[in-house]
Trainee: 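What follows is a single structure, and I will ask about it in a moment.
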Amino acid sequence: MELTRPTPSGIHPEQARRAEELIFEISRAGRRCTHLPGPDVPQTKKPDAKFLRDCPCELPEVSELDVVRHFTNLSRLNFSVDTNFYPLGSCTMKYNPKFTEDASRLEGFTHLHPILPQLAEGAQAAQGALELLYETERLLCEITGMDHFTLQPSAGAHGELTGVMLIAAYHRAKNRKRKYVIVPDSAHGTNPASAAIAGYEIINIPSDANGTMDMARLKEKLNEDVAAIMMTCPNTLGLFENKIDEIAALAHKVDALMYYDGANLNAILGYCRPGDLGFDVIHLNLHKTFSTPHGGGGPGSGPVGVKEKLKKFLPVSRIARNTDGTFALDYALPESIGYLAPFYGNFLVIVKAYAYILYLGREGLIRTAEHAVLNANYILAALKDYYGAACAQGCFERCMHECVLSAAALAAHGVHALDIAKYLIDGGFHPPTIYFPLIVKEALMIEPTETESKETLDRFIDVMVRAAKLARENPQALKTAPLTTPVARLDETKAARDMNCAFL
Ligand SMILES: *Cc1c(COP(=O)(O)O)cnc(C)c1O
């Protein structure tokens, strides 16, 4: 296969060429990775013919070196947090220390069978794992100010669905039908989707001039048909919703419940607790705030915390502590909404979160929030004159863990957020989230995370400033980016549907 574009920076052309080959193309008949010894006992019974293949299995036939080099070269074509700054707002991979990977690979955890706790002779072997789950629930309660947690949901959106189902169970138990869930337009897009899947109609409230909940519109819409108000905090504009007290009081007056989307809890860790602010239900993303790398659909975990009044509806199974200090699983919960996921959720993701929380401790978690917010504000301050006017109301002076800038002012030169994103790739940076939140024209949503150094942030700012200047002086230069990747711009819709025809 001929390379038609310059090779990615830092990659030898030969490596890039190898990476473009499919593993099936390097397959050679009869080549093997491993050679298993033949059986040293006589074969006693032939397998039933119906279990035998009638055509050869079309797997690539390659040597061990072929496999290792193929996947290593492929991995080098990708951006990753291990190679580059990755400021993908909202869904950022935050701090993912390697030691939590070690913790989650301990054989005592990986070799456990999930059925063990239910077996009389297995419960003993599972005590450590059960204790870890129990302790993680307690720690998350302490961090968020909630009374109980379930660790079962497998993702943020799955946690939202769980939370809204708990809210529905709460109203059902009071024999009343509520029809609506209120979601501000600055909420994460999964919020209205989750509430709709749980059977509610959505009332959308636009943000006010400050980028937060419009109180007048909320009061207009809030009544006894409303089951809950779902708030993302900080919201997708990177702003803290500063009228929560008032909103919670209004909601509770009509016994609507307050839902907190805490996917990005790293913005407020140790500074405030949603449970103290008046929220009744919360989900967290362990795969964002608590150390599990994500992307590519990898394993996630979206634990849900609730106030006491919702405890009896939590999914089974629950981890219970016996009077003798041992741990067991409790299924005797007649009002539970049932199973949300098999067993106890993504256990090894929970192991990482537990290790991470213990490692950082109270002080460390507080520092996390401070650095996340400081870094985002550093970028906002440096770039707002180049990429201002984040929304109709203008650019905000301060933000939480992420800032939302806009390329709208560059549109007059024919330059869009996408062009800035592509140019950043040539500068060695992963693009920020673009065109989200939807309420911001030409949005560039930047989340630097808590662990980046000032030097890295400064280099990123330099490239962003250079891009803004180029947009005015030589917009064509932005249109041709990226020049350093094996392929340039893809038809993204086509890329998802037809991998062979994605190249423009
Ligand atoms: C990422 C995110 C979600 C969804 O989490 P998934 O694990 O991707 O389902 C929800 N809300 C917010 C604010 C998020 O950033």
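Both ligands and their constituent atoms are indexed starting at 1 by order of listing.
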Trainee: Any side-chain to backbone donor/acceptor pair from Glu160 onto Ala195? Under 3.5 Å, distance only.
Mentor: no

Trainee: Heavy atoms only, cut-off 4.0 Å: how does Ala263 contact ligand 1, side chain, backbone, both, or neither?
Mentor: side chain

Trainee: Run the contact test for His158 against ligand 1 with a 4.0 Å cut-off on heavy atoms, strictly below, and give the result.
Mentor: no

Trainee: Numbering the atoms of ligand 1 from 1, which are under 4.0 Å from a heavy atom of Lys288?
Mentor: 1 (C), 2 (C), 3 (C), 5 (O), 14 (C), 15 (O)

Trainee: Parallel, tilted or perpendicular, judged at 30° and 60°: which one describes the rings of Phe460 and Phe429?
Mentor: perpendicular

Trainee: Is a side-chain N or O of Asp214 found less than 3.5 angstrom from the main chain of Arg217, in a donor-acceptor match?
Mentor: yes

Trainee: Report, in ascending order of atom number, the atoms of ligand 1 lying under 4.0 Å from any heavy atom of Ala157.
Mentor: 4 (C), 5 (O), 6 (P), 9 (O)

Trainee: Taking only heavy atoms of Asn264 into account, list the atoms of ligand 1 that are under 4.0 Å away from them.
Mentor: 13 (C), 15 (O)

Trainee: Is the distance from the ring center of Phe109 to that of Phe347 below 6.0 Å?
Mentor: yes

Trainee: Any idea which atoms of ligand 1 are less than 4.0 Å away from a heavy-atom of Glu160?
Mentor: 10 (C), 11 (N)

Trainee: Would you call the rings of His283 and Tyr259 parallel, tilted or perpendicular if under 30° counts as parallel and over 60° as perpendicular?
Mentor: tilted

Trainee: Assess whether salt bridge (charged side-chain N to carboxylate O under 4.0 Å, His left out) is satisfied between Asp255 and Arg176, documenting all intermediate values.
Mentor: CA-CA 11 Å; Asp255 204 16; Arg176 60 193 181 200; 2.4 Å; yes

Trainee: Between Ala155 and ligand 1, does any nitrogen or oxygen pair lie at a separation below 3.5 Å?
Mentor: no

Trainee: Please work out, at 4.0 Å between heavy atoms, whether the side chain, the backbone, both, or neither of Asn285 comes within that distance of ligand 1.
Mentor: side chain

Trainee: Is the closest N or O pair between Asn191 and ligand 1 shorter than 3.5 Å?
Mentor: no

Trainee: Is the shortest distance from a Lys or Arg side-chain nitrogen in Glu246 or Lys219 to a carboxylate oxygen in the other one below 4.0 Å?
Mentor: yes

Trainee: Would you check whether His287 has a nitrogen or oxygen atom less than 3.5 angstrom from a nitrogen or oxygen atom of ligand 1?
Mentor: yes

Trainee: Would one find an N or O of Thr232, backbone or side chain, under 3.5 Å from an N or O of ligand 1?
Mentor: no

Trainee: Is Tyr386 reaching over with its side chain to a backbone N or O of Ala407, donor-acceptor style, under 3.5 angstrom?
Mentor: no

